[in-house]
A.B. asks: 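Got a structure for you, written out below as structure tokens; questions coming shortly.
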Amino acid sequence: MIIANNVSKKFGSLQALNNLSVTCNKGECIALIGPNGSGKTTFIKTILGMVVCDSGFITFNGNNINNNWTYRSAIGYMPQIGRYPENMTIGQVLDMMKDIRKNSATLPLDEDLINSFNLSNLLHKRMRTLSGGTKQKVSAALAFMFNPEVLILDEPTAGLDPVSSEILKEKILLEKSKGKLILISSHILSELDDLVTQVIYMQDGKLCFHKTISQLQADTGEHKLAKAIAQVMQQ
């Protein structure tokens, strides 16, 4: 579904991505892991077309994404920090996105998270008045709303309370069961144990490994993702 082929990107003297090649198929929930500065966010932005690679290419469903923005309608993106017009209300932001994407939505709107997070009672609240956690809920609701084939979630539980975090994890599991491709970047590895089927580990812009959870467990003898990753890093 998404194939990165020898993708490289430099920002000045910084080599953010270095000859990165990975294949991400539908039906998988993939953890994108690595230390700060490893290139995870740059890779996500390259998939989204927000960053153009210097060399190599990315395909989405077999088509090169260069000069082809229409594929983005099949992706739901939840940024680590959502930025919205501060004077707009939650309801206005939701309506704005529905209007922008009205021609790309081929399925009924998915408003599960709007209801589960009780956002319907907060529609009058202006974005500038919201806590970080509530903004995260809005970002999550928007990512899932248009029934995308692919979900890219960057630190999705950051700022969420435990109950909301569990609600989001249950929603991710539900969408995974529908055969969607889900990419999750997170530093909270304990929250990924019940979610992910594969792990992509990056460092200094390079791919260190791309393994299934079962392969990683077999290689390390550890069943918890955090302990398995720690052992790999020590090696």
Side-chain angles (χ1 to χ4, degrees), residues 1-66 71-72 74-80 149-156 172 176 180-193 195-235:
M1 175 168 271
I2 296 176
I3 299 175
N5 195 316
N6 299 321
V7 172
S8 293
K9 179 65 182 180
K10 287 186 76 173
F11 297 102
S13 61
L14 174 64
Q15 187 76 53
L17 296 175
N18 192 345
N19 207 36
L20 181 68
S21 295
V22 293
T23 297
C24 304
N25 293 313
K26 62 182 181 180
E28 302 290 352
C29 186
I30 303 174
L32 186 59
I33 296 174
N36 291 332
S38 61
K40 302 187 301 297
T41 297
T42 300
F43 180 47
I44 287 173
K45 290 184 175 180
T46 304
I47 293 173
L48 294 170
M50 299 166 66
V51 168
V52 178
C53 57
D54 298 327
S55 60
F57 60 90
I58 293 175
T59 61
F60 187 93
N61 284 338
N63 298 311
N64 194 314
I65 68 172
N66 284 343
Y71 77 97
R72 296 179 196 169
I75 298 177
Y77 173 50
M78 181 180 176
Q80 182 175 356
E149 296 176 55
V150 177
L151 287 153
I152 299 178
L153 313 175
D154 193 357
E155 300 288 348
I172 291 170
K176 183 177 75 170
K180 296 184 178 183
L181 168 61
I182 304 172
L183 285 171
I184 305 178
S185 175
S186 179
H187 287 102
I188 310 173
L189 302 187
S190 60
E191 295 194 343
L192 301 178
D193 281 323
L195 299 177
V196 300
T197 57
Q198 298 182 3
V199 175
I200 292 173
Y201 188 88
M202 296 176 61
Q203 191 161 342
D204 298 325
K206 298 178 181 179
L207 174 68
C208 292
F209 65 81
H210 181 185
K211 298 181 179 182
T212 65
I213 287 294
S214 58
Q215 287 174 325
L216 185 60
Q217 290 172 338
D219 291 345
T220 62
E222 298 287 353
H223 289 279
K224 294 292 185 179
L225 181 57
K227 290 186 176 180
I229 294 296
Q231 186 174 131
V232 169
M233 292 177 68
Q234 290 170 359
Q235 294 172 352

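The figures that follow rest on heavy atoms only: side chains count, while hydrogens, waters and symmetry mates do not. We number each residue from 1, following the sequence as shown.
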A.B. asks: Run the side-chain contact (heavy atoms from CB on, under 4.5 Å) test on M202 and L32 for me, step by step, so that the C-alpha distance in whole Å, both residues' side-chain angles and the decisive distance to 0.1 Å come before the verdict.
C.D. replies: CA-CA 8 Å; M202 296 176 61; L32 186 59; 3.7 Å; yes

A.B. asks: Between I184, I182, L151, which is the residue that forms a side chain to side chain contact (heavy atoms under 4.5 Å, CB included) with P156?
C.D. replies: I184

A.B. asks: Would you find a donor on one side and an acceptor on the other, under 3.5 Å apart, between the side chain of D204 and the backbone of K206?
C.D. replies: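 Checking the backbone N and O of K206 against the side chain of D204, no donor-acceptor pair under 3.5 Å is found.
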
A.B. asks: Does V232 form a side-chain contact (heavy atoms from CB on, under 4.5 Å) with C208? I'd like the steps, not just the answer.
C.D. replies: CA-CA 10 Å; V232 169; C208 292; over 6 Å; no

A.B. asks: Mind running side-chain contact (heavy atoms from CB on, under 4.5 Å) on I44 and I47 for me, showing each step along the way?
C.D. replies: CA-CA 5 Å; I44 287 173; I47 293 173; 5.5 Å; no

A.B. asks: With rounding to the nearest 0.5 angstrom, report the CG to OG distance, N19 to S55.
C.D. replies: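 Between atom CG of N19 and atom OG of S55 there are 7.0 Å.
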
A.B. asks: Answer yes or no: is there a side-chain heavy-atom contact under 4.5 Å between D154 and K40?
C.D. replies: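 Result no, sub-4.5 Å side-chain heavy-atom pair not found.
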
A.B. asks: Sequence neighbours excluded, which residues qualify as side-chain hydrogen bond (donor to acceptor under 3.5 Å, both in side chains) partners of D219?
C.D. replies: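 By the side-chain hydrogen bond (donor to acceptor under 3.5 Å, both in side chains) rule, D219 matches K211.
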
A.B. asks: How far does CG of L183 sit from CD of E28, to the nearest 0.5 angstrom?
C.D. replies: 10.5 Å

A.B. asks: So, taking the atom named CD1 in I58 and the one named CD1 in I3, what distance separates them when rounded to the nearest 0.5 Å?
C.D. replies: 11.0 Å

A.B. asks: Would you name the heavy atoms of T46 and I65 that are closest together and state the gap between them?
C.D. replies: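 Shortest heavy-atom separation between T46 and I65 comes out as O-CD1, 3.4 Å.
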
A.B. asks: Give a yes-or-no answer on whether the side chains of S21 and N6 include a donor-acceptor pair shorter than 3.5 Å.
C.D. replies: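 Present: a donor and an acceptor within the cut-off.
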
A.B. asks: Side-chain contact, heavy-atom cut-off 4.5 Å: C24 with V150?
C.D. replies: no

A.B. asks: For residues A226 and L189, report the shortest heavy-atom separation together with the two atoms involved.
C.D. replies: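 Of all heavy-atom pairs spanning A226 and L189, the closest is CA-CD1, 3.8 Å.
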
A.B. asks: Mind checking the CG-CG spacing from L153 to L195? Nearest 0.5 Å is all I need.
C.D. replies: 9.5 Å

A.B. asks: Contact between D193 and K224 at the side-chain level, heavy atoms closer than 4.5 Å - yes or no?
C.D. replies: yes

A.B. asks: Compare every heavy atom of E155 with every heavy atom of H187, then report the nearest pair and how far apart it is.
C.D. replies: ND1-OE2, 2.7 Å

A.B. asks: With rounding to the nearest 0.5 Å, note down the distance linking CG in L17 to OG in S38.
C.D. replies: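 With rounding to 0.5 Å, CG (L17) is 9.5 Å from OG (S38).
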
A.B. asks: Which distance, rounded to the nearest 0.5 Å, do you find between the NZ of K45 and the CD1 of I152?
C.D. replies: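 Reported value, rounded in 0.5 Å steps: 12.5 Å.
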
A.B. asks: Hey, are the side chains of I229 and V199 touching, using non-hydrogen atoms and a 4.5 Å cut-off?
C.D. replies: yes

A.B. asks: Could you pull out the closest heavy-atom pair between P35 and Q203, with the gap in Å?
C.D. replies: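 Smallest interatomic distance, heavy atoms only, reads CG-CG, 4.2 Å.
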
A.B. asks: Can you list the steps and then say if N61 with M1 is a side-chain contact (heavy atoms from CB on, under 4.5 Å)?
C.D. replies: CA-CA 5 Å; N61 284 338; M1 175 168 271; 3.6 Å; yes

A.B. asks: Can you check whether N63 reaches Y71 side chain to side chain, under 4.5 Å on heavy atoms?
C.D. replies: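 Counting from C-beta outward, N63 and Y71 never come under 4.5 Å.
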
A.B. asks: Is there a side-chain contact between L48 and I75 in this structure, where contact means two heavy atoms from C-beta onward sitting under 4.5 Å apart?
C.D. replies: yes

A.B. asks: Please work out which of the three classes, parallel, tilted or perpendicular, describes the rings of F209 and Y201, given edges at 30° and 60°.
C.D. replies: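 Because their plane-to-plane angle is under 30°, the rings of Y201 and F209 count as parallel.
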
A.B. asks: Would you find more than 12 non-hydrogen atoms of other residues, nucleotides or ligands less than 6.0 Å from K227 atom NZ?
C.D. replies: no

